[in-house]
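Worksheet: the structure to be examined is printed underneath.
When reading the values below, keep in mind they use all heavy atoms of this one structure, side chains included, and skip hydrogens, waters and symmetry mates.
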Amino acid sequence: MVFTQLHFSVAAGGAIVLRGPNGSGKTTLLRLMAGLARPVTGQLKWSGAALEDSDAHGKHLRFIGHLDAIKPAFTVRENLTFWRDFWNTGDASRVVDAMEAFGLAALADFPARLLSAGQRHRLALARLIASPAPLWLLDEPANALDDRSLNALTRTIADHRAKGGMVILASHGADLVSGGTTLALDKFTPTEVMQWDET
Amino acid sequence: MVFTQLHFSVAAGGAIVLRGPNGSGKTTLLRLMAGLARPVTGQLKWSGAALEDSDAHGKHLRFIGHLDAIKPAFTVRENLTFWRDFWNTGDASRVVDAMEAFGLAALADFPARLLSAGQRHRLALARLIASPAPLWLLDEPANALDDRSLNALTRTIADHRAKGGMVILASHGADLVSGGTTLALDKFTPTEVMQWDET
Amino acid sequence: MAFENFAAFIDMGGYAAWVWTAYGLATVALVGMLVVSRRTLKARTREFEEMKANRK
Amino acid sequence: MSVFTALLSRDLKLALRQSADSLTVIAFFAIATVLFPFGVGPEAEVLSRIAAGVVWVAALLAALLSLDRVFTVDFEDGTLDQLLLNGQSMTLVVLAKVIAHWLTTGVPLIIMSPVLAVTLQLPAEGYGTLVLALLLGTPTVSLVGALGAALVLGARRGGVLLSLLVLPLYIPVLIFGTAAVEAALTGMPSAPMLSILGGFALIAVTLCPFGTAAALRQAAE
Amino acid sequence: MSVFTALLSRDLKLALRQSADSLTVIAFFAIATVLFPFGVGPEAEVLSRIAAGVVWVAALLAALLSLDRVFTVDFEDGTLDQLLLNGQSMTLVVLAKVIAHWLTTGVPLIIMSPVLAVTLQLPAEGYGTLVLALLLGTPTVSLVGALGAALVLGARRGGVLLSLLVLPLYIPVLIFGTAAVEAALTGMPSAPMLSILGGFALIAVTLCPFGTAAALRQAAE
Amino acid sequence: MHKFANPTQFMRIANAIYPWVAGICVLLFAAAIPIALMFSPPDYQQGETVRIMYIHVSSAWLMMMIYGIIAANSAMFLIWRHPMANLVARASAPMGAVFCALALITGMLWGQPMWGTFWVWDARLTSTLILFFLYIGYIALADAFEDSERGDKAAAILALVGSVNVPIIHFSVEWWNTLHQPSIIKASKEGVDSSVHSSILLPLFLMMGAFTMFYFALLVLRLRSELLAAKIRNARLSQIAGHSAAQPAE
Ligand code: HEM
Ligand SMILES: Nc1ncnc2c1ncn2[C@@H]1O[C@H](COP(=O)(O)OP(=O)(O)OP(=O)(O)O)[C@@H](O)[C@H]1O
Ligand SMILES: Nc1ncnc2c1ncn2[C@@H]1O[C@H](COP(=O)(O)OP(=O)(O)OP(=O)(O)O)[C@@H](O)[C@H]1O
Ligand SMILES: [Mg+2]
Ligand SMILES: [Mg+2]
């Protein structure tokens with residue numbers, strides 16, 4: 001699939017908000033930027049160099065999508081600890097910070113199976129703090145969050161940017177960043193990989 | 001689980017909005033009202049009579065929860081048609097009306113697997129129109145919807161109430177009903193099933 | 001010519017069942033592939049032409 | 001009845017559409033049976049001695065496999081909640097699911113069985129009885145299995161629990177099922193065993209659907 | 001290496017916590033083997049004749065069962081996406097998953113096998129070789145199976161396809177695995193068969209993880 | 001190389017050589033069949049059954065060659081994403097499966113009179129059977145996904161991994177001592193095996209050539225229809241794409 005004519009870049013501390021109706025390709029674009037999908041034409045660059053090795057690209061980013069990658073059998077703490085150990089950035093104490101930032105501290109030893117929808121989503125977001133990375137790709141991070149958590153998220157994003165981090169997020173309603181670029185996706189055009197000259 | 005001291009009723013054409021932070025028990029309360037969970041003490045009444053037979057209670061309501069009950073292998077149309085046939089209220093042509101109301105008509109013959117997050121959610125909501133019932137229980141119906149679809153939902157709810165229908169919904173942000181009662185759930189207190197007198 | 005007469009040719013030194021089945025099946029397989037491939041090609045061509053015509 | 005017919009036809013359609021589950025079962029049945037000659041060696045007399053047993057065991061294992069998933073998918077994607085709100089009777093829902101399960105796995109197993117019995121060199125006298133015994137035995141397998149599957153829904157050790165609950169109940173079916181074929185092979189009457197199998201099916205059909213409905217209601221709470 | 005150790009320990013912990021999957025496999029193995037005396041009859045000489053074959057077939061089927069789910073759960077709940085973004089190497093991820101799978105299913109199967117061989121009246125000379133053969137054969141089973149499971153992720157008939165892709169590749173393992181036990185029983189050297197099994201494992205370990213990693217990457221696309 | 005990646009260019013070349021390939025194929029068959037069936041002498045050991053060999057060995061050769069072609073094209077598809085390479089692999093697979101079945105069946109038809117059994121579990125027979133299953137798996141996997149691109153890639157990976165089997169088939173007679181015949185072609189070069197006479201090699205080579213040309217000719221036909229199928233899919237996709245961002249009426 002290709003997005004025809006899309007050029008943009010994020011500087012350190014910058015933010016991009018993707019907007020557009022359902023099915024306009026926000027999720028698809030975010031996955032592309034995460035390196036989970038490959039562009040048919042065009043390329044992704046990181047610090048000026050084209051990205052070839054998508055294995056290494058994963059180091060630079062955290063992607064939080066519609067699916068929350070939570071194991072219901074593990075407690076909140078175990079879920080977070082696993083991802084911190086897996087990426088191994090930030091030290092182990094950040095797991096606690098992350099739970100505090102998203103109001104999960106009281107639920108730390110609950111199995112994730114018992115969480116409400118909003119709590120699950122907050123647990124997914126807490127990965128951003130537990131194991132830091134410069135680029136955050138967030139797909140509708142405001143979903144199912146109550147007002148308090150929304151504030152917490154806004155604050156977290158602002159902190160991240162203040163430290164030179166970058167954020168690209170898709171959103172329908174809430175305004176989660178101040179002073180970012182807005183990218184309006186309008187109509188999504190999937191095309192086949194194969195291209196030929198009609199003669 | 002019990003909610004201590006919760007009394008409320010909905011009249012025909014009425015609406016209740018459940019509000020409260022994540023984990024305050026909105027989902028739990030909605031499932032209770034659907035008859036999917038049973039209250040430990042207290043009772044549900046329908047038209048003045050206590051509900052004993054939860055099998056029959058299902059006739060009165062549509063419940064749209066966090067899980068969307070969509071079969072990815074079926075097309076949009078097939079998904080809707082099955083639920084209409086299953087409940088067998090409203091005639092078959094309503095499937096088309098439902099798809100139109102939620103902007104799914106063009107996607108009718110797409111397998112549901114290909115839908116974006118918002119489109120899936122719209123498909124779940126379309127069941128409300130495809131097979132009508134007097135009471136609608138909606139758990140965060142605004143999730144993942146773009147502005148247009150949000151309007152469509154608001155309109156659908158207004159229509160339903162104008163025809164004497166009842167709506168109870170949980171919501172964080174968007175205001176989906178006008179002139180309904182708001183019920184603020186604050187802190188959810190799960191208590192043990194067993195109760196006894198201290199002597 | 002390795003055979004004295006036509007009957008010997010058919011008999012294949014007593015191995016008629018094996019030899020002729022092998023050749024028979026090989027013929028069926030090759031001709032079958034040819035027929036199937038040509039048929040799909042024709043069907044696809046027709047479908048494509050129809051599609052082009054409909055678009056105009 | 002709309003509940004019953006709509007659900008039955010949906011399940012059949014789904015089985016055809018994403019035949020994964022029911023085809024897995026059949027493929028498993030076929031492959032499990034065909035692996036035996038590899039493992040045991042191709043001698044006809046050993047194989048024909050164990051043929052009926054192997055076919056029955058493979059069929060039971062295959063059914064067990066498919067049972068694990070009769071309700072899980074619906075449970076996980078929220079369909080079960082909606083099914084509970086059917087407004088009529090949960091027993092109808094259960095019957096529709098069980099019949100769909102039997103049609104999509106039991107029947108194909110029965111149809112496949114003579115073919116597989118050939119590869120295991122079952123003597124010719126056994127085929128009729130084998131098919132009859134499977135025909136009478138598989139409904140019990142589906143009914144009992146559905147009850148087990150509903151009981152373990154959402155349980156942490158679903159799969160094992162299911163095997164542990166259900167397989168002991170299958171042993172009588174297995175014993176009478178193979179005994180019927182043995183009888184036919186040795187020229188004895190197989191009718192008594194077959195009627196016992198029929199009796200099991202009757203007991204199962206009167207008891208299991210209610211238990212299953214109650215278990216499903218419980219699982220959603 | 002954090003990727004490898006974190007994932008391996010998570011998978012092991014998960015297997016202990018919600019032991020459904022790995023316990024199912026063992027229960028299935030045990031039950032499948034134990035059902036045989038019921039189906040085939042208890043005569044010692046028939047049973048001991050087929051014992052090695054039955055144990056091997058049951059072990060392969062049990063492994064196949066568990067393989068269906070090595071990646072599906074992670075695929076469906078979004079974990080796979082995150083695993084792909086590990087920043088190091090997908091091959092490490094695959095190795096961790098395969099080793100976890102082998103430790104939670106292969107090893108228990110090996111440990112169970114002598115017990116089950118007793119119920120099937122395997123002659124005493126066979127045990128050592130049976131365990132050795134399983135020890136050399138099951139890693140191949142896990143490696144090849146993981147490749148198959150990754151290839152069919154999200155496919156329409158995942159389960160059958162997996163059987164179709166993977167079971168043929170298991171045939172050599174089955175043949176040499178039972179041949180080794182046969183050899184031990186008849187007093188012949190079983191070392192040649194065992195070394196071939198080892199050879200299969202070496203080929204599998206050099207090829208499969210890369211294929212599996214590539215397959216997972218494109219499954220997420 | 002990259003010139004061939006363009007479907008239009010590729011098909012131009014393929015269509016240009018098609019009549020030649022087809023013509024040579026017909027000529028080779030016209031020569032091979034009478035020589036194989038009538039004019040070549042029976043083998044001193046195997047008698048007239050040696051005539052089965054011309055088909056057996058030709059099909060066995062084709063099934064291995066086609067698998068090699070599929071594997072090579074799969075690699076090109078995965079690495080450079082040449083869409084044409086994918087189409088070549090997809091179009092070849094069913095033919096490979098048919099030749100593989102033919103090799104198996106003719107082998108069995110030969111085995112019964114020669115060895116007294118249709119089947120033994122020797123290394124060459126087992127590995128050939130596995131190749132057959134790999135073909136079936138490839139075809140099933142390629143069609144198992146709603147998204148055809150996923151099927152292409154999954155099948156390509158399977159093809160690459162499965163390619164270890166091809167050398168195993170070929171060298172199995174040397175690595176393990178088996179019932180199956182050792183390689184006649186190599187033996188004849190060294191002049192060891194007196195049974196392999198030019199009177200047998202001539203029809204064998206003719207038949208192998210005819211089979212090979214048959215494959216290439218049919219490949220061109222099948223590529224044309226694969227390409228049409230891709231065009232049709234593409235057109236459909238762009239038709240629905242216009243609606244996919246459909247919205248409720250304002
Ligand atoms: C089902 C049974 C059989 C199978 C699957 C089979 C398979 C094969 C294969 C795959 C080859 C090609 C090997 C290569 O080119 O590297 C081959 C070649 C050959 N086969 Fe068979 N075969 C079977 C039965 C037989 C029998 C019964 C005979 C003769 C008694 C036979 C004689 C030959 C000969 C002479 C060659 C040519 C050897 C060479 O050039 O490598 N085959 N067979
Ligand atoms: N394989 C495919 N072929 C054709 N169209 C596809 C395919 N996969 C997805 N689509 C279409 O692409 C769109 C997916 O877009 P995406 O999920 O990126 O939307 P989104 O902007 O994230 O929407 P939402 O706001 O609902 O989350 C959908 O309209 C879907 O129908
Ligand atoms: N079996 C249980 N035992 C104890 N607590 C439970 C149990 N099940 C759920 N809970 C708690 O009950 C709450 C669930 O509430 P519910 O899902 O109704 O919240 P909600 O208001 O819908 O939240 P959200 O806005 O996030 O959807 C959670 O805090 C959860 O921890
Ligand atoms: Mg989206
Ligand atoms: Mg909720």
Side-chain angles (χ1 to χ4, degrees), chain A residues 1 27-28 30-40 46 53-75 78-90 92 111-113 120-121 123-124 127-128 130-131 133-137 139 193, chain E residues 1-24 69-97 100 104 150 153-154 209-210 212-221:
Chain A
M1 288 171 226
T27 301
T28 311
L30 283 171
R31 291 181 68 84
L32 210 90
M33 288 189 283
L36 289 170
R38 274 188 300 175
V40 174
W46 180 262
D53 177 7
S54 39
D55 265 346
H57 182 44
K59 253 202 304 285
H60 311 137
L61 61 90
R62 289 288 161 269
F63 168 74
I64 311 286
H66 290 309
L67 296 169
D68 50 25
I70 288 172
K71 293 291 163 198
F74 280 163
T75 63
E78 283 169 333
N79 266 297
L80 273 180
T81 307
F82 161 64
W83 287 114
R84 202 223 63 86
D85 293 349
F86 182 76
W87 285 306
N88 204 19
T89 66
R113 182 171 40 84
R120 278 180 80 97
H121 190 56
L123 174 50
R127 283 204 289 271
L128 294 172
S131 187
L135 172 61
W136 291 359
L137 301 171
D139 199 355
V193 173
Chain E
M1 281 303 276
S2 67
V3 164
F4 179 81
T5 50
L7 192 56
L8 180 60
S9 73
R10 182 205 72 154
D11 269 20
L12 294 178
K13 211 157 129 191
L14 212 53
L16 286 178
R17 189 73 56 87
Q18 48 171 35
S19 356
D21 288 2
S22 72
L23 270 181
T24 316
R69 316 211 65 196
V70 231
F71 298 116
T72 2
V73 182
D74 282 348
F75 178 65
E76 283 167 1
D77 73 4
T79 302
L80 184 62
D81 286 344
Q82 305 293 339
L83 295 181
L84 283 166
L85 299 176
N86 64 71
Q88 294 181 39
S89 142
M90 200 54 201
T91 317
L92 275 184
V93 167
V94 170
L95 273 178
K97 300 267 329 168
T104 54
L153 259 193
F210 299 99
T212 313
L216 289 178
R217 190 165 278 294
Q218 58 95 9
E221 258 181 32

Going through the checks in order, is the side-chain contact (heavy atoms from CB on, under 4.5 Å) test met by E:Asp74 and E:Lys97?
CA-CA 11 Å; E:Asp74 282 348; E:Lys97 300 267 329 168; 2.7 Å; yes
Can you classify the ring geometry of A:Phe86 versus A:Trp83 as parallel (below 30°), tilted (30 to 60°) or perpendicular (above 60°)?
perpendicular
Given a strict heavy-atom distance threshold of 4.5 Å, which part of E:Leu83 is in contact with chain A: side chain, backbone, both, or neither?
both
Any donor-acceptor pair under 3.5 Å from E:Arg217 side chain to A:Leu36 backbone:
no
Turns out that what part of E:Gln218 lies under 4.5 Å from chain A's heavy atoms comes down to neither
With a 4.5 angstrom heavy-atom cut-off, which part of A:Arg127 approaches chain E: side chain, backbone, both or neither?
side chain
Before accepting this row, confirm whether a basic side-chain N of the pair E:Asp77/A:Lys71 lies closer than 4.0 Å to the acidic partner's carboxylate O.
yes
Among E:Leu80, E:Val93, E:Asp81, E:Asn86, residue most engaged with chain A (heavy-atom pairs, under 4.5 Å):
E:Asp81
